[in-house]
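On a predicted model such as this, the values are computed, not experimentally measured, just so you know.
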Amino acid sequence: FWPERGPAQARPPAMRPVPPRAMARALLVALATRAAGGSALRQAARAMARHAPDVSMLGCGGPWCDVVNGFNALFDTNDPAKMQQAVDAYAEWPRDDAGIAVAVTKDRFYEMHHKNVQAKLAEYLPQGVFRWSFGEEYKVFQPPTEKNGMEVVLVREGNITLSMGWLRRRIFWDSVVQATPDGRAFPYSDVEEFDDCDKCRAELAYTMRKGGLDGVGDEWAITGLAVVKLA
């Protein structure tokens with residue numbers, strides 16, 4: 001997930017929010033196809049995004065945006081069940097214990113295993129341990145090239161609230177927080193200390209690869225996700 005920093009990118013134009021009717025249509029398709037299994041759900045959801053031109057986010061530019069838009073339609077609800085659907089439908093993972101990284105400093109993070117997203121968020125969100133919201137602008141942190149295996153890293157701006165208190169934060173740090181490989185930093189993060197904060201700057205970083213993990217075909221898949229605290 002921790003790519004080399006790419007060249008500086010100009011700030012993209014603001015994207016148009018997903019229309020409520022289009023979002024509802026996305027959710028209905030996803031719910032109706034869940035019983036068919038992860039692969040069928042992924043294909044159905046992607047087909048819906050391709051054929052619904054009013055699902056349009058101008059801040060996302062590139063062939064991967066159908067996947068980003070479909071993922072966001074579910075993930076942005078802050079409903080743990082729908083957020084799990086987003087992860088199941090649009091992401092591929094290299095290990096059973098891989099999942100969403102919640103970066104509490106520039107090089108320390110908690111990894112929410114992809115199969116446990118619903119269970120963990122159903123625990124944390126009502127307690128106010130984590131709360132986040134992401135907006136309508138993207139940056140390209142790493143563009144896809146043949147050299148990096150056609151992997152793009154998109155960064156979406158927003159905010160995060162962490163509310164644990166000193167004792168719980170210490171237990172959390174000691175029990176589940178881990179270091180990044182080789183001490184590499186998350187995109188744009190300079191945070192040194194793990195502290196509580198209220199609506200401080202944050203980003204949602206999507207790592208995406210053409211052809212998914214095996215690099216076969218033209219379909220894009222999310223292969224890494226990180227919620228990164230920036231202040």
Side-chain angles (χ1 to χ4, degrees), residues 1-3 30-31 33-46 64 67-68 70-105 107-127 129-130 132 134 142 144 148-156 160 162 171-187 194 203-217 219-229:
F1 182 88
W2 299 269
L31 289 169
T33 56
R34 183 170 178 80
S39 178
L41 176 60
R42 186 179 300 117
Q43 293 303 319
R46 290 179 181 178
W64 46 79
V67 173
V68 173
F71 176 87
N72 291 347
L74 292 164
F75 194 79
D76 288 358
T77 64
N78 285 329
D79 178 329
K82 292 181 175 66
M83 296 169 85
Q84 180 72 63
Q85 280 187 278
V87 170
D88 292 345
Y90 292 100
E92 298 180 4
W93 305 96
R95 313 179 314 276
D96 284 345
D97 63 350
I100 301 173
V102 179
V104 296
T105 73
D107 56 6
R108 296 290 190 278
F109 68 103
Y110 158 61
E111 189 161 22
M112 189 181 304
H113 298 174
H114 67 96
K115 294 181 180 179
N116 295 336
V117 168
Q118 179 175 349
K120 289 300 182 182
L121 291 178
E123 174 185 353
Y124 291 142
L125 291 179
Q127 296 178 25
V129 174
F130 300 142
W132 54 62
F134 298 98
Q142 174 183 281
N148 65 28
M150 296 305 293
E151 183 175 271
V152 64
V153 179
L154 303 178
V155 174
R156 183 182 177 201
I160 187 171
L162 296 178
I171 294 171
F172 191 82
W173 178 272
D174 290 341
S175 59
V176 298
V177 171
Q178 57 185 299
T180 60
D182 302 319
R184 299 181 73 178
F186 287 93
F194 176 27
E203 66 193 15
L204 177 59
Y206 312 70
T207 300
M208 305 186 68
R209 186 180 291 270
K210 186 177 182 180
L213 289 175
D214 57 11
V216 176
E219 293 282 347
W220 288 81
I222 295 170
T223 56
L225 286 165
V227 177
V228 183
K229 182 176 179 282

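Between Phe134 and Trp132, the angle of the ring planes lies from 30° to 60°, which puts this pair in the tilted group.
Residues Val227 and Phe130 have side chains not in contact (no heavy-atom distance under 4.5 Å, counting atoms from C-beta outward). Taking 4.5 Å as the limit, some side-chain heavy atom of Pro187 sits within range of a side-chain heavy atom of Glu203. Side chains of Met83 and Asn78 form a contact here, defined as non-hydrogen atoms less than 4.5 Å apart.
At least one donor-acceptor pair closer than 3.5 Å links the side chain of Gln84 to the backbone N or O of Val117. Judged by distance alone, the side chain of Asp182 and the main-chain N or O of Arg184 form no donor-acceptor pair under 3.5 Å.
Separating the CG atom in Asp96 from the CG atom in Asn116 is a distance of 10.5 Å, to the nearest 0.5 Å. For the atom pair Lys115 NZ and Asp97 CG, the distance stands at 10.0 Å (nearest 0.5 Å). One distance of note links CZ of Phe71 with CD of Gln85; it measures 12.0 Å at 0.5 Å rounding. Here the CD-CG distance, from Glu92 to Leu213, works out to 5.0 Å after rounding to the nearest 0.5 Å. We find the NE2-CG distance between His114 and Leu225 to be 11.5 Å, quoted to the nearest 0.5 Å. The OH atom of Tyr206 lies 8.0 Å from the CG atom of Leu154; values are rounded to the nearest 0.5 Å.
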Residues Arg156, Asn72; criterion side-chain contact (heavy atoms from CB on, under 4.5 Å); working and verdict:
CA-CA 11 Å; Arg156 183 182 177 201; Asn72 291 347; 3.4 Å; yes
Step-by-step side-chain contact (heavy atoms from CB on, under 4.5 Å) determination, Thr207 to Gln142
CA-CA 9 Å; Thr207 300; Gln142 174 183 281; over 6 Å; no
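Across every non-hydrogen atom of Ala103 and Phe109, the tightest pair is CA-CB, 3.9 Å. Taking both residues in full, the closest heavy atoms of Trp64 and Pro144 are given as CZ3-CG, 3.7 Å, listed atom of the first, atom of the second, then distance. For Asp107 against Gly183, the heavy-atom pair with the smallest separation is CB-O, 4.1 Å. For Ala226 against Phe186, the heavy-atom pair with the smallest separation is CB-CE2, 4.0 Å. Across all their heavy atoms, Ala221 and Gly212 have their closest contact at CB-CA, 3.9 Å. For the residue pair Ala86 and Phe75, the shortest heavy atom distance occurs at CB-N, 3.9 Å.
Under the ring pair (Phe, Tyr, Trp, His ring centres under 6.0 Å) test applied with Tyr110, the options Phe194, Phe172, Trp173 reduce to a single match, Phe172. For the side chain to side chain contact (heavy atoms under 4.5 Å, CB included) criterion with Met208, the lone passing option out of Val153, Thr223, Val68 is Val68.
Residue-environment remark: CG (Asp174) exceeds the threshold of 12 foreign heavy atoms within 6.0 Å.
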